[in-house]
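Report on the following structure.
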Amino acid sequence: MNDTYYEFGTAAERWDRAQMFFGAKEYMTAARILEGLVAEVPEQVAPRLLLARTYYHSARLGKAETELRAVLERDPVEHYARLMLGRTLERQGRSAEAAGHLRMAAAFTGDFDFDPEN
């Protein structure tokens, strides 16, 4: 991997840069930065969740699923990770597996009328 300027600096600077690239829809660049951050601080949920989002938006669904499951291992009630995992599984054609995660995400946010079939 070629090192570029955006892969250097403090963790906080790289976090800011990753968010900037994500906001600009430069998902591959954001992912490169976030992969380094996640390797440095694997216990932190926020960089891993944003990395999962970059993978999702760049259609790297297997990697998104892996990161989302790692987030949920650390924080089982992280409702956004549950929602994203459900959506990721749906995009992979795994609707039955997605339904449970989508129901849990809805319950965590108080949407008790949620029906994953609709």
Side-chain angles (χ1 to χ4, degrees):
M1 170 178 9
N2 284 337
D3 290 336
T4 54
Y5 78 93
Y6 48 77
E7 294 169 318
F8 293 98
T10 67
E13 290 167 340
R14 287 179 285 138
W15 171 247
D16 288 342
R17 228 175 272 130
Q19 289 179 305
M20 179 194 68
F21 281 111
F22 182 86
K25 298 183 180 181
E26 294 286 337
Y27 302 121
M28 300 298 276
T29 303
R32 282 182 60 187
I33 298 166
L34 290 163
E35 286 165 354
L37 283 173
V38 166
E40 282 179 40
V41 287
E43 70 283 354
Q44 288 190 6
V45 170
R48 195 175 289 273
L49 186 55
L50 187 58
L51 178 58
R53 292 176 65 197
T54 65
Y55 288 152
Y56 179 87
H57 287 295
S58 59
R60 295 188 288 175
L61 301 177
K63 287 186 172 206
E65 179 183 349
T66 298
E67 293 304 325
L68 290 165
R69 290 187 186 281
V71 167
L72 292 170
E73 258 182 45
R74 288 163 177 76
D75 188 357
V77 296
E78 169 49 63
H79 73 281
Y80 191 68
R82 286 272 171 213
L83 175 65
M84 278 196 61
L85 180 56
R87 297 294 181 226
T88 300
L89 294 170
E90 281 182 332
R91 281 183 69 184
Q92 295 179 73
R94 296 159 58 190
S95 297
E97 191 178 347
H101 294 288
L102 294 172
R103 272 194 295 280
M104 279 193 277
F108 290 148
T109 60
D111 184 6
F112 296 108
D113 294 326
F114 176 77
D115 181 2
E117 301 299 316
N118 292 324

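In what follows, every heavy atom counts, from backbone to side chain, and hydrogens, waters and symmetry copies are set aside. Numbering starts at 1 and runs along the sequence shown.
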Closest heavy-atom contact between [X] and [Y]?
X	Y	answer
Arg14	Gly36	NH1-C, 4.5 Å
Ala52	Ala64	O-CB, 3.6 Å
Ala98	Leu89	CB-CB, 3.7 Å
Thr54	Ala31	OG1-CB, 3.6 Å
Leu102	Gly86	CD2-CA, 3.7 Å

Measure the [atom1]-[atom2] distance between [X] and [Y] for me, rounded to the nearest 0.5 Å.
X	Y	atom1	atom2	value
Met20	Ile33	CE	CD1	7.0 Å
Glu26	Arg17	CD	CZ	14.5 Å
Arg32	Leu51	CZ	CG	13.5 Å

Exercise for the section: State whether a side-chain donor-acceptor pair under 3.5 Å links Gln92 with Glu65. Expected result: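 Yes, because at least one side-chain N or O of Gln92 sits under 3.5 Å from a partner of the opposite role on Glu65.
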
Exercise for the section: Please answer: with hydrophobic residues joined when any side-chain heavy atoms are less than 4.5 Å apart, are Val77 and Met104 in the same cluster? Expected result: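 Looking at the clustering, Met104 is in the same group as Val77.
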
Exercise for the section: Please indicate whether His79 has more than 12 foreign heavy atoms, meaning atoms of other residues, nucleotides or ligands, lying under 6.0 Å from its NE2. Expected result: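 Incorrect, the count does not exceed 12.
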
Are side-chain heavy atoms of [X] and [Y] found at a separation under 4.5 Å?
X	Y	answer
Leu68	Leu49	yes
Leu50	Trp15	yes
Leu61	Tyr55	no

Exercise for the section: Applying salt bridge (Lys or Arg N to Asp or Glu O under 4.0 Å), run through Glu90 and Arg87 and close with a yes or a no. Expected result: CA-CA 5 Å; Glu90 281 182 332; Arg87 297 294 181 226; 3.0 Å; yes

Problem - Sequence neighbours excluded - salt bridge (charged side-chain N to carboxylate O under 4.0 Å, His left out) pairs with any residue from residues 45-60 - result: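 Applying salt bridge (charged side-chain N to carboxylate O under 4.0 Å, His left out) to every pair that reaches into residues 45-60, excluding sequence neighbours, yields Arg48-Glu67.
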
Exercise for the section: Scan residues 71-82 for pairs that pass salt bridge (charged side-chain N to carboxylate O under 4.0 Å, His left out), counting only residues two or more places apart or in two chains. Expected result: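 Residue pairs passing salt bridge (charged side-chain N to carboxylate O under 4.0 Å, His left out), neighbours aside: none found.
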
